[in-house]
Amino acid sequence: MADKRILVGEIGRPHGVRGLVRVQSFTAQAADIATYGPLSDESGEKRYALQWLPGGLARIEGVSDRDAAARLTGTRLYVPRDRLPAPEEEEFYLADLVGLAVRDREGRALGAVRSVEDFGAGSFLTIVDEQGRETLLPFTRAVVPVIAVAEGYLLVEPPAEGQLPPEVIAAAEARPAADGDEAAVPVAGASAPLHALPRRQDAPKRSGPRGPRGGAA
C-alpha cells in the first residue's frame, strides 16, 4: 500500500489578497489535513505545505498573493496511505477497499471497487465490471455483509429495485451529476444521477458498515 494515496481535501477560492485559501477538508477533524506534512496534487508532482487557520482557511507555503492562490482553486490534495496510523483489528480505511474484487453469495465475480463515495445520505461503492460498466451500491451491512480486506474481496448482496431507503433516493435526486459527466452512474435500487462528496477519508472504519442514517460507514 506504500504507493496508494488518499484524497484528504480540496483547495477552494482565495480569501483576501495575501494568498490565503479556503480548503474543504475530508479528514476526521478539519484541521488534521495540515498534520500529515506536505500534500500532493492529483498528479503527485506538486507538493503543498498547509498551515490551518480558523474558519476553514489555510496558508500555503510559497503562496503570498491572491493571483497565485486563485490558480490553485480546485486542486485536490492527497496524502500517502502509509502516513496514516495502522488500523486496529477489524478496522479498515475506505481507501483500502479500492481495488478489491466484488463477488456475490454464489461466488460470481461482479467487478472491482473503483471508489467509495459519500453523497450526504450514506456511503456508496462504485463497482466496475470487466466491460467497464459502473454501478453504485449502498455501503451498508445488508448490502456488504462481508469485508475481507486481507483476502482481497468484498461479498455483496445488491438490493432489488425500489429497496433503497427513501432518504437515500431523495439525496440522490437532489444532487446534480458532476460537470462533464457523459452519463449518470446507475445506482442499484435507484436511477438518479449522483455527485460524489468524499468525507472523513483518514478515519478508520469498523468492519461492519452502518446503515445509511449513520453517514459514513
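In the hydrophobic clustering of ILVMFWY residues, with side-chain heavy atoms under 4.5 Å counting as a link, Leu100 and Phe139 come out together. No continuous path of ILVMFWY side-chain contacts below 4.5 Å connects Leu20 to Leu72, so the two sit in separate hydrophobic clusters. A single hydrophobic cluster is seen to contain both Val149 and Leu154, as judged by linkage of ILVMFWY side chains at heavy-atom distances under 4.5 Å, directly or through other members. One hydrophobic cluster holds both Val102 and Phe92 under the rule that ILVMFWY side chains link at heavy-atom gaps under 4.5 Å.
Between Thr35 atom OG1 and Trp52 atom CH2 the span is 11.0 Å, to the nearest 0.5 Å. If you take CG on Leu125 and CG on Leu97, they are separated by 6.5 Å, rounding to the nearest 0.5 Å. The distance from the CD1 atom of Ile6 to the OH atom of Tyr93 is 7.5 Å, given to the nearest 0.5 Å. In this structure, CZ in Arg5 is found 7.0 Å from CG in Asp41, a value given to the nearest 0.5 Å. Of the inter-residue distances, the one linking Leu57 atom CG with Leu50 atom CG reads 11.0 Å to the nearest 0.5 angstrom. For the atom pair Gln24 CD and Arg76 CZ, the distance stands at 9.5 Å (nearest 0.5 Å).
A 4.5 Å side-chain heavy-atom check between Ile60 and Ile11 finds at least one atom pair inside the cut-off. By the 4.5 Å heavy-atom criterion applied to side chains, Val63 and Val21 are not counted as neighbours. Looking at heavy atoms from C-beta onward, Asp129 lies out of side-chain contact with Leu110 at the 4.5 angstrom threshold. Counting heavy atoms from C-beta on, the side chains of Phe26 and Leu77 never come closer than 4.5 Å. The shortest side-chain heavy-atom distance between Leu7 and Tyr78 falls under the 4.5 Å cut-off. Using a 4.5 Å heavy-atom threshold, the side chains of Glu134 and Leu136 count as separate.
The shortest heavy-atom contact between Leu155 and Tyr153 is N-CD1, 4.1 Å. In terms of heavy-atom proximity, Ile33 sits nearest to Ser25 at CB-OG, 3.7 Å. Nearest heavy-atom pair across Val128 and Arg114 is CG2-CB, 3.6 Å.
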Problem - Derivation and outcome, side chain to side chain contact (heavy atoms under 4.5 Å, CB included), residues Val144 and Leu137 - result: CA-CA 9 Å; Val144 190; Leu137 293 176; 5.7 Å; no
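Within 6.0 Å of atom CD in Glu61, 12 or fewer heavy atoms from other residues, nucleotides or ligands are found, so the atom counts as exposed in its surroundings. Within 6.0 Å of atom CZ in Arg83, more than 12 heavy atoms from other residues, nucleotides or ligands are found, so the atom counts as buried in its surroundings. Within 6.0 Å of atom CZ in Arg18, 12 or fewer heavy atoms from other residues, nucleotides or ligands are found, so the atom counts as exposed in its surroundings.
In this structure, Arg47 contributes its side chain and Gly37 its backbone to no donor-acceptor pair below 3.5 Å.
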